[in-house]
*Asks:* 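Just passing along the structure, written as structure tokens.
One-based numbering along the sequence shown.
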Amino acid sequence: MEKRLYNFSAGPAVLPVPVLERIRDEILCLPGCGASVMEISHRSKQFIEIQHAAKERLIRLLKVPETHDVLFLQGGARLQFSMVPMNLLRGQTAPAQYIVTGSWGKYALSEAKKEGPVNVLYDGASNRYSELPKWTELTIPADAAYVHWTSNETIQGIQFQSDLSVDCPVVCDCSSDFLYRPIDVSKYGLIYACAQKNAGPAGVTVVIIRRDLLERSNESLPGYLNYKHHADEDSMWNTPPTFAVYVLGLVTEWLETTIGGLDAMHRLNQRKAAIVYNAMDRHPGMYRGHARPVDRSLMNATFTLPNEDLESRFLAEAKKRGLDALKGHRSVGGIRASIYNAMPVEGVEALAQLMDDFANMHPQA
Ligand SMILES: *Cc1c(COP(=O)(O)O)cnc(C)c1O
């Protein structure tokens with residue numbers, strides 16, 4: 001077998017090794033089933049149990065209250081950019097409010113504009129999405145159709161560390177930091193997250209929606225795009241992405257039993273991020289962070305080196321050491337280290353060692 005690298009990909013991203021081993025062991029024959037999970041009916045007893053177990057684990061991990069339902073959808077976070085306003089904005093009189101703190105928030109806004117009245121409460125373009133506003137700096141109208149924010153801007157590497165608490169429904173794109181810490185779900189009207197960053201493989205998108213908001217979905221919507229259909233049918237309105245739901249279930253099981261829940265995951269994420277940011281801060285002449293320090297993401301660390309030549313040498317040295325996918329997004333440049341839940345501590349330690357060694361190899365920088 002070829003050796004696994006430390007994979008710093010922004011998404012699809014690293015998965016826990018025990019989860020991959022379990023998939024390998026069960027791929028030909030799911031215990032008690034005589035076939036692969038990919039080969040059985042989504043209406044079979046076995047698959048329904050898998051989907052229910054995944055949903056129950058999410059409910060336990062996030063302490064999802066009775067007022068909310070958990071849906072497994074397809075189409076990624078990008079489809080939610082449209083489904084949210086299609087379901088929650090059509091037919092409303094007050095505009096939706098958007099807080100734009102990076103590339104993904106900007107894309108979400110542009111889709112919402114196609115559906116109804118939208119107001120931009122905040123846009124961090126002038127600081128190149130390197131800073132977040134404080135919640136207290138924003139005045140969010142209580143009668144807004146909803147307010148939309150992005151908890152972690154994956155490309156820029158900035159992340160809110162607390163929940164937003166306001167009277168109108170709060171909609172959050174948690175795609176790149178879903179399950180990284182406990183959150184107070186009761187404060188949210190709708191949470192959505194594609195799985196392939198922090199929770200599983202590409203193909204399934206989790207939506208947690210406050211049940212009363214389902215009443216906004218109009219029957220004139222295309223069937224698949226109506227949240228109410230999925231809620232009424234327990235995410236079996238059509239064939240769910242069975243393999244992706246199965247893996248999401250294994251990841252949540254790993255979070256619960258191996259990691260010990262979201263408080264433990266949060267402490268581990270804080271520890272891992274500190275290892276990377278401390279290495280960055282030890283060599284200010286070599287590494288310049290994109291994010292304002294207080295707004296640094298625990299999931300995606302973004303930084304540049306003094307010039308592109310040093311950046312490509314850094315990436316070459318990383319490759320030699322088995323550290324992969326560290327190249328930054330083209331819009332920010334430089335380096336991006338995505339250190340999601342499944343990135344082991346040894347991976348970030350190897351990265352910090354590389355950062356120290358590389359800076360010491362180039363003392364003139
Ligand atoms: C990756 C990402 C998306 C897009 O997800 P898709 O599944 O590719 O549609 C949206 N928002 C955030 C915050 C992301 O990180």
Side-chain angles (χ1 to χ4, degrees), residues 42-43 48 51-52 54-55 58-59 62 64-99 104-105 107-119 121 140-151 164 166-175 178 183 185-195 203-241 244-245 248:
H42 59 295
R43 305 208 182 273
I48 289 174
Q51 180 149 309
H52 277 174
K55 182 171 168 174
L58 280 176
I59 289 172
L62 288 165
V64 178
E66 269 299 312
T67 44
H68 288 60
D69 201 359
V70 179
L71 310 177
F72 297 122
L73 305 183
Q74 301 187 57
R78 287 253 190 177
L79 184 58
Q80 294 311 306
F81 293 171
S82 300
M83 273 179 80
V84 164
M86 282 177 162
N87 285 267
L88 303 187
L89 186 54
R90 281 191 191 179
Q92 301 294 307
T93 42
Q97 304 285 339
Y98 274 70
I99 299 167
W104 291 114
Y107 293 132
L109 169 70
S110 68
E111 293 297 329
K113 281 181 178 164
K114 298 174 187 172
E115 292 303 322
V118 173
N119 180 53
L121 258 185
I140 299 164
D143 70 342
Y146 61 85
V147 57
H148 181 284
W149 61 290
T150 311
S151 51
L164 170 60
V166 287
D167 290 334
C168 72
V170 173
V171 175
C172 187
D173 177 0
C174 295
S175 291
F178 190 53
I183 58 171
V185 175
S186 71
K187 290 184 172 158
Y188 295 79
L190 190 150
I191 291 166
Y192 62 92
C194 55
V204 62
T205 299
V206 178
V207 169
I208 303 176
I209 184 168
R210 213 174 68 206
R211 294 176 203 274
D212 64 293
L213 292 173
L214 293 167
E215 299 313 316
R216 290 198 195 177
S217 301
N218 195 294
E219 264 312 310
S220 66
L221 284 169
Y224 187 85
L225 305 184
N226 188 321
Y227 288 129
K228 195 159 185 309
H229 293 173
H230 297 286
D232 287 347
E233 303 289 331
D234 208 7
S235 301
M236 293 270 183
W237 186 78
N238 73 332
T239 312
V245 170
L248 176 79

*Asks:* With rounding to the nearest 0.5 Å, note down the distance linking SG in C168 to CG in D143.
*Replies:* 8.5 Å
*Asks:* Provide the closest heavy-atom pair for A77 versus S175 in the form atom of the first, atom of the second, distance.
*Replies:* CB-OG, 3.3 Å
*Asks:* Parallel, tilted or perpendicular for Y188 and W149, by the 30°/60° rule?
*Replies:* parallel
*Asks:* Please tell me if the side chains of L62 and V70 come closer than 4.5 Å, counting only heavy atoms from C-beta onward.
*Replies:* no
*Asks:* Can you find a heavy atom in the side chain of V84 that is under 4.5 Å from one in the side chain of Y227?
*Replies:* yes
*Asks:* Do T67 and V185 come close enough that some side-chain heavy atom pair is under 4.5 Å?
*Replies:* no
*Asks:* With rounding to the nearest 0.5 Å, note down the distance linking CE in M83 to CD in E111.
*Replies:* 13.5 Å
*Asks:* Any side-chain heavy atom of K187 within less than 4.5 Å of one from V170?
*Replies:* no
*Asks:* Between M236 and R43, what is the shortest heavy-atom contact and its length?
*Replies:* O-NH2, 2.9 Å
*Asks:* Quick test of your reading: applying salt bridge (charged side-chain N to carboxylate O under 4.0 Å, His left out), list the pairs with at least one residue in residues 69-98, sequence neighbours left out, ordered by first then second residue.
*Replies:* K55-D69, D69-R211, R90-E115
*Asks:* Determine whether I183 and I191 make a side-chain contact, defined as any pair of heavy atoms from C-beta on separated by less than 4.5 Å.
*Replies:* yes
*Asks:* Supply the atom-to-atom distance D173 CG to Y107 OH, rounded to the nearest 0.5 angstrom.
*Replies:* 13.0 Å
*Asks:* Can you measure from OG1 (T150) to OH (Y98) and round to the nearest 0.5 angstrom?
*Replies:* 9.0 Å
*Asks:* Closest heavy-atom contact between Q74 and P240?
*Replies:* NE2-C, 4.0 Å
*Asks:* Is any side-chain heavy atom of Y146 closer than 4.5 Å to one of L89?
*Replies:* yes
*Asks:* To the nearest 0.5 Å, what is the distance between OG (S151) and CG (L164)?
*Replies:* 11.5 Å
*Asks:* Main chain of Y224, side chain of H229: is a donor-acceptor contact present, judged purely on distance under 3.5 Å?
*Replies:* no
*Asks:* What distance separates I99 CD1 from I140 CD1, expressed to the nearest 0.5 Å?
*Replies:* 4.5 Å
*Asks:* I need the minimum non-hydrogen distance between A144 and Q97, along with the two atoms involved.
*Replies:* CB-CG, 3.6 Å
*Asks:* Do the side chains of N87 and L221 get nearer than 4.5 Å, heavy atoms only?
*Replies:* yes
*Asks:* With the side chain counted from C-beta on, respond yes when L58 and L248 share a heavy-atom pair under 4.5 Å apart, and no when they do not.
*Replies:* yes
*Asks:* Please answer whether the main-chain N or O of C194 pairs with a side-chain N or O of T205 as donor and acceptor at a distance below 3.5 Å.
*Replies:* no
*Asks:* Which pair of heavy atoms, one from A108 and one from H148, lies closest together, and at what distance?
*Replies:* CB-CE1, 3.6 Å
*Asks:* The test is side chain to side chain contact (heavy atoms under 4.5 Å, CB included); show your working for L79 and L73 and say whether it passes.
*Replies:* CA-CA 10 Å; L79 184 58; L73 305 183; over 6 Å; no
*Asks:* Quick check: does any side chain N or O of N226 sit under 3.5 Å from a backbone N or O of N218, one acting as donor and the other as acceptor?
*Replies:* yes
*Asks:* Specify whether Y192 and F81 have parallel, tilted or perpendicular ring planes, treating 30° as the upper limit for parallel and 60° as the lower limit for perpendicular.
*Replies:* perpendicular
*Asks:* If you look at every heavy atom in P95 and V118, which pair is closest and at what distance?
*Replies:* CB-N, 4.1 Å
*Asks:* Is it the case that the side chain of R210 and the backbone of P169 share a donor-acceptor pair, with hydrogens and angles ignored and the cut-off at 3.5 Å?
*Replies:* no
